[in-house]
Amino acid sequence: MPSQTLPISSSSSSTEMMFKPFIYDDPPTTTLLLDEDHSVKPLLSRASSFNGAVTPNGESTGLYQNRRRRSNSENCLSAASPDGTNGNGHQTIGQEVSHAAAETFLLTRLFLKLLSYLGVGYRWITRFLALGCYAFLLMPGFIQVGYYYFFSPHVRRSIVYGDQPRNRLDLYLPKNSNGGPKPVVAFVTGGAWIIGYKAWGSLLGQQLSERDIIVACIDYRNFPQGSISDMVKDASSGISFICNHIAEYGGDPDRIYLMGQSAGAHIAACALVDQVVKESGEGDSVSWSSSQINAYFGLSGGYNLLSLVDHFHSRGLYRSIFLSIMEGEESLKQFSPELVVQDPNLKHIVARLPPIILFHGTADYSIPSDASKCFAETLQRLGGKAEVILYEGKTHTDLFLQDPMRGGKDEMFEDIVSVVMGDNQEVIGKSVDRRRLVPEFMLKLAHWVSPF
């Protein structure tokens, strides 16, 4: 059936015009469909969106929403104590329940948004059936991690780091506050640039905090609320907040490590490379320094979008949608760290990058392990410090979900701790009772049915 296809635009203003009904915090229930050619088609017309409405005092709702959001952010910053609680170190049960309900509502919206983009063809019906089975098999672990996330006194949720929507981060603090400032891992979660959310890092945060490492999980605007440049700006703002304020939470501003997983690894790498470019005099003023980042950890990431766009299309992240996320085909090189560092005019920035350590499973079909190998080889050829660590037979989610839920010793987790803690053999050798969260047979079934 013929239908009108929205154009792919390279400018951020055109992208904003295309998806204007979606870029505010609380849009109406507008739904998108994919036509047979995978173009994006709105169910509701522009006239039915809320952007044309006015408030009782004559303001447009866009201005009113932005002013209210700034006011709420200022109130949060002025009223909250440094630990994110009501001042006495604890939140009431009512606050916990309210927060849990709000988080659940947001996650439901993210899931429905992804479903609307991917369409309802046979391929995605089978994929979502597999996703449902996968989630069911890991549910015992999700419940336990969710309880920790919402009710642990060592988790500080939704700390405001900027003035844009979703500019929030979660902090996971060690139980032991003695021994001086703690090392910090700033983590950018994955989610195909569409369903990324800070709570996805709760399992990592829980485990690293048990080793006296503070973890900061940075949230950011997803598509279509924002495009790739917005995501990179949000991540950079979150890193800036951590560099400038982590000492208030017991962190060491001189021992900060940047980490990302999947799409988050790509976004974090873009933010880091962009920061180094700015510091070399090729960009705007800076609010944090790349010298504060001791190392970058990239988990299952992709760093050359030109070589991945067709692969993503074959996996169901259709080319038209992906190019909209990345602001047009001509922007793919700009947001490919592997290609940026090879620019003849920017080769000097490689020496300013911190050590790059890339983790990848050899059975990863969402983003092939060659993506990490090529990036590391490129950096090494240009004189940078880079290495890639491959885990035989591990999929896109094994390293991040199934293995940590297995309990006991986790190879990748130990690799990260050994780098962060350096020569602190006492912490590296610390015995932590990492209990099993999910029975082994369910983990093996989850590995088999995983759609990732």
Side-chain angles (χ1 to χ4, degrees), residues 77 82 159-164 167-171 180-189 201 208 213-220 228-260 264-299 301 303 334-338 340-343 345-358 375 379 382-387 416 419-422:
L77 286 169
I159 297 173
V160 178
Y161 70 76
D163 59 1
Q164 295 297 321
N167 279 185
R168 305 288 187 271
L169 59 83
D170 295 329
L171 284 180
K182 310 293 185 183
V184 183
V185 171
F187 181 66
V188 183
T189 63
L208 287 180
I213 300 171
I214 294 176
V215 179
C217 292
I218 302 170
D219 205 7
Y220 55 91
I228 184 61
S229 60
D230 299 312
M231 302 177 203
V232 174
K233 288 177 183 176
D234 287 352
S236 184
S237 295
I239 298 167
S240 175
F241 179 91
I242 294 165
C243 290
N244 292 297
H245 296 280
I246 198 61
E248 301 170 20
Y249 300 90
D252 188 344
D254 294 322
R255 288 195 294 164
I256 298 175
Y257 297 80
L258 178 60
M259 182 176 179
H266 167 254
I267 294 169
C270 286
L272 179 60
V273 170
D274 184 60
Q275 182 67 19
V276 174
V277 171
K278 291 177 181 178
E279 292 172 359
S280 66
E282 304 293 337
D284 302 328
S285 59
V286 298
S287 59
W288 59 282
S289 173
S290 61
S291 63
Q292 291 177 271
I293 307 300
N294 285 237
Y296 166 82
F297 302 131
L299 173 56
Y303 311 97
Q334 176 188 349
F335 294 107
S336 295
E338 181 183 328
V340 172
V341 298
Q342 297 182 73
D343 187 324
N345 298 319
L346 297 175
K347 285 186 177 180
H348 61 282
I349 70 172
V350 174
R352 300 176 63 103
L353 289 171
I356 306 294
I357 304 173
L358 307 177
F375 188 33
L379 291 170
L382 296 173
K385 298 177 182 179
E387 67 173 307
I416 294 173
V419 174
V420 173
M421 302 312 297

Q. Should Val184 and Tyr249 count as side-chain neighbours, where that means a heavy-atom distance under 4.5 Å?
A. no
Q: Could you please spell out the steps behind the side chain to side chain contact (heavy atoms under 4.5 Å, CB included) verdict for Ile246 and Leu171?
A: CA-CA 10 Å; Ile246 198 61; Leu171 284 180; 4.0 Å; yes
Q) Just wondering, do Cys243 and Pro253 contact through their side chains at under 4.5 Å, heavy atoms? A) no
Q.
If I compare all heavy atoms of Phe187 with all of Gly201, which pair ends up nearest, and what's the gap?
A. CE2-CA, 3.9 Å
Q. Can any side-chain N or O of Glu279 pair as donor or acceptor with the backbone N or O of Ser290 at less than 3.5 Å?
A. yes
Q) Where do Ile242 and Leu169 land on the side chain to side chain contact (heavy atoms under 4.5 Å, CB included) test, with the steps shown first? A) CA-CA 9 Å; Ile242 294 165; Leu169 59 83; 4.2 Å; yes
Q. Taking C-beta and beyond as the side chain, do Arg255 and Val420 meet within less than 4.5 Å on heavy atoms?
A. no
Q | Between CG on residue Leu299 and CD1 on residue Ile416, distance to nearest 0.5 Å | A | 7.0 Å
Q.
Given 3.5 Å as the limit, does a donor-acceptor pair link the side chain of His266 with the main chain of Gly260, or not?
A. no
Q. What pair of heavy atoms forms the shortest contact from Gly298 to Tyr303, and how long is it?
A. CA-OH, 3.5 Å
Q: Take Tyr220 and Thr189 through the side chain to side chain contact (heavy atoms under 4.5 Å, CB included) test and state the conclusion after the steps.
A: CA-CA 9 Å; Tyr220 55 91; Thr189 63; 4.1 Å; yes
Q) At what distance, to the nearest 0.5 angstrom, does CD1 of Ile213 lie from OH of Tyr257? A) 8.5 Å
Q) When rounded to the nearest 0.5 angstrom, what distance separates CG in Leu382 from CD in Glu338? A) 10.0 Å
Q.
Looking at every non-hydrogen atom in both residues, tell me the closest pair between Gly238 and Ile218 and how far apart they are.
A. C-CD1, 3.9 Å
(Q) Rounded at 0.5 Å granularity, tell me how far CG in Asn167 sits from CG in Asp219. (A) 8.5 Å
Q: Report the distance from atom CD1 of Ile357 to atom OH of Tyr296, rounding to the nearest 0.5 Å.
A: 11.5 Å
Q.
Test your reading of the model: is there a side-chain donor-acceptor pair from Asn294 to the backbone of Asp254, 3.5 Å cut-off?
A. yes
Q | Whether Gln275 side chain and Ser236 backbone form a donor-acceptor pair below 3.5 Å | A | no
**Q.** Side-chain donor or acceptor of Ser237 paired with backbone N/O of Lys233 under 3.5 Å
**A.** yes
(Q) Once side-chain hydrogen bond (donor to acceptor under 3.5 Å, both in side chains) is applied, do any residues pair with Ser240, and if so which ones, sequence neighbours excluded? (A) Asn244, Ser287
Q: Might you work through the side chain to side chain contact (heavy atoms under 4.5 Å, CB included) test for Ile293 and Ile239, ending with a clear yes or no?
A: CA-CA 10 Å; Ile293 307 300; Ile239 298 167; 4.3 Å; yes
(Q) I need the Leu346 CG to Arg352 CZ distance, nearest 0.5 Å. (A) 12.0 Å
Q. Is Phe241 close to Val160 at the side-chain level, that is, under 4.5 Å between some pair of heavy atoms?
A. no
